[in-house]
Number of protein chains: 2
Amino acid sequence: MLLSKSCVYGLRASLYLAAREQGEFVPIRKMSDKLEISFHFLTKILQQLTAEGILESFKGPNGGIRLKRTGSDVQLLDIVLAIDGSQLLTECALGLPGCGLKNPCPLHDKWAETRDSIHEMLEKTNLTELVHKGKAENLRLTTEGGFDILFDD
Amino acid sequence: MLLSKSCVYGLRASLYLAAREQGEFVPIRKMSDKLEISFHFLTKILQQLTAEGILESFKGPNGGIRLKRTGSDVQLLDIVLAIDGSQLLTECALGLPGCGLKNPCPLHDKWAETRDSIHEMLEKTNLTELVHKGKAENLRLTTEGGFDILFDD
DNA sequence: GTATTTTAAGATAAAAGGGTCTCATAAACT
DNA sequence: AGTTTATGAGACCCTTTTATCTTAAAATAC
């Protein structure tokens, strides 16, 4: 799998938040229900994103989670790096430690090229962009149902 | 991780075989020593590749494993598909089942493009090509040491 | 035919990732 | 102040992957 499950859940949750109003704090329980993710597991993932300054939380009644920056200011790469780290974008395709320009494996050059295209895609795509697309075409963010079902409270 | 460890080991082993003389059967024990892979684990992986018709084995004294086809006739994709399956090249970046043209997620289009570039790289690269490069530049196939150390018996 | 060298196949064990549960802490409302 | 609603942090279990160990089977050489 390219991205870990934690990372995928983090992306889905971030997209969900970006699709809601900016200032609104959304309870994790609500998010876990809507996105069909285990509450406690999602909590852990959101904690990571909060620690990285991508999200912010508010305790107490009417508390919850929201984006710290605007959705257009959060690239997919930010979330991937926060959860999975840079491994995917730096590691050797043959799993050799320290494979780089100075000590490469036979596949290094070709793989570096491919890897860069992944990097570029993640770096140039922001949350708002995907939310717009999702809303316009009613694309799904969960196993079944469209984008709209996320919002009928 | 992009490729499973089994798959990475399978690739390294296949490159090793492609670098040796075509007709020669190489004992698994020798390969596991040279490539620093657990003997029994490597055995299992090679069995998969043998079952897929990429390698062939010969039992008894002077037996071992060799490529069934020529190295230039084996693409990296063949090995990846044999061990990891098509998952990497078909799955949704957001982990949604059945994400495709008819029921996509917001990231589908962008990811499909990136995924295709991985597919293309694996499909257009063959073993002999990498062996040539490895020999010419003495690139490593193991944690330390160059290409040449694989061949002093 | 028997010993030897090899692959083949299965059970088993260790490690990592994914997921759940419980308790503690913080903040807001009454 | 106390209750409620929420996050935060930890221990814990389950499943998959990775790795090891043991035994069986095949084929060659003698």
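Numbered from 1 within each chain, the chains take letters A, B, ... in sequence-line order. Since we're looking at a predicted model, the values are computed, not measured.
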Asker: When you compare the side chains of A:Asp84 and A:Ser4, does any donor N or O come within less than 3.5 Å of an acceptor on the partner?
Answerer: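 Distance-only check passes for A:Asp84 and A:Ser4.
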Asker: Give the rounded distance in Å between these two atoms: CD1 of B:Ile83 and P of D:dT17.
Answerer: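 Computing the B:Ile83:CD1 to D:dT17:P distance gives 14 Å.
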Asker: How is B:Ile28 classified with respect to the nucleic acid when contacts are heavy atoms under 4.0 Å: base, sugar-phosphate, or nothing?
Answerer: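 Sugar-phosphate, no base atom in range.
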Asker: Say whether, by atom type as modelled, one donor and one acceptor occur between the side chain of B:Arg115 and the main chain of B:Thr90 under 3.5 angstrom.
Answerer: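 Yes; at least one donor-acceptor contact below 3.5 Å.
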Asker: Report yes if at least one side-chain N or O of A:Tyr9 is closer than 4.0 Å to OP1 or OP2 of C:dG19; otherwise report no.
Answerer: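 The answer is yes; a side-chain N or O of A:Tyr9 sits under 4.0 Å from OP1 or OP2.
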Asker: Measure from the side-chain N and O atoms of B:Ser38 to the backbone N and O of B:Phe41, and report whether any donor-acceptor pair falls under 3.5 Å.
Answerer: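 Such a contact is found between B:Ser38 side chain and B:Phe41 backbone.
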Asker: In whole angstrom, what separates B:Gln87's CD from D:dT16's P?
Answerer: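 Rounding to the nearest Å, CD of B:Gln87 and P of D:dT16 are 13 Å apart.
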Asker: Is B:Phe58 touching bases, backbone alone, or none of the nucleic acid, heavy atoms closer than 4.0 Å?
Answerer: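 The answer is sugar-phosphate, as B:Phe58 gets under 4.0 Å only of primed atoms, P, OP1 or OP2.
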Asker: Please state how far atom NZ in A:Lys44 lies from atom C1' in D:dA11, giving the value in whole angstrom units.
Answerer: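 Going from A:Lys44 (NZ) to D:dA11 (C1'), I get 9 Å.
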Asker: From C-beta outward on A:Phe41, which listed nucleotide comes closest to its side chain: D:dT7, C:dC29, C:dT20?
Answerer: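 The answer is C:dT20, which lies nearest to the side chain.
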Asker: A:Gln47 CD to D:dG10 C1': how many Å, rounded?
Answerer: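 It is 10 Å, rounded to the nearest whole Å.
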Asker: Between A:Pro27 and B:Lys5, which is nearer to the 5' end of DNA chain D once each is assigned its nearest nucleotide?
Answerer: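 Nearest-nucleotide comparison on DNA chain D picks A:Pro27.
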Asker: Side-chain N or O of A:Asn62 versus OP1/OP2 of C:dC29: is the shortest distance under 4.0 Å?
Answerer: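 So the side chain of A:Asn62 is within the cut-off, an N or O lying under 4.0 Å from OP1 or OP2 of C:dC29.
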Asker: How close or far is atom P of C:dG17 from atom CG of A:Leu2, stated in whole angstroms?
Answerer: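 A:Leu2 atom CG is separated from C:dG17 atom P by 15 Å.
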Asker: Among D:dG8, C:dG18, D:dT18, which is the nearest nucleotide to the side chain of A:Thr43?
Answerer: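 Among D:dG8, C:dG18, D:dT18, the one nearest the side chain of A:Thr43 is D:dG8.
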Asker: Starting at CZ of A:Phe39 and ending at P of D:dG8, how long is that distance when rounded to a whole Å?
Answerer: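 After rounding, the gap between these two atoms is 10 Å.
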Asker: Tell me what B:Thr50 touches on the nucleic acid: a base, only sugar-phosphate, or nothing, going by heavy atoms under 4.0 Å.
Answerer: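 It contacts nothing in the nucleic acid.
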Asker: Got a second to check how far B:Ile118's CD1 is from A:Glu113's CD, nearest 0.5 Å?
Answerer: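 Going from the CD1 atom of B:Ile118 to the CD atom of A:Glu113 covers 13.0 Å.
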Asker: For the base of D:dT7, is there a side-chain donor-acceptor partner from A:His40 under 3.5 Å away?
Answerer: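 Absent.
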Asker: Should B:Ser57 be listed as having a side-chain N or O under 4.0 Å from OP1 or OP2 of C:dT7?
Answerer: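 For C:dT7, neither OP1 nor OP2 has a side-chain N or O of B:Ser57 closer than 4.0 Å.
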Asker: Between atom NZ in A:Lys59 and atom C1' in C:dA24, what is the gap in whole Å?
Answerer: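 One finds 9 Å between C1' of C:dA24 and NZ of A:Lys59, rounded.
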Asker: Can you tell me how far P of D:dT20 sits from CD1 of B:Ile37, to the nearest Å?
Answerer: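 Result: 11 Å.
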Asker: With no hydrogens and no angle check, is any side-chain donor or acceptor of B:Arg12 less than 3.5 Å from a backbone partner on B:Leu15?
Answerer: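 No, because the side chain of B:Arg12 does not come within donor-acceptor range (under 3.5 Å) of the backbone of B:Leu15.
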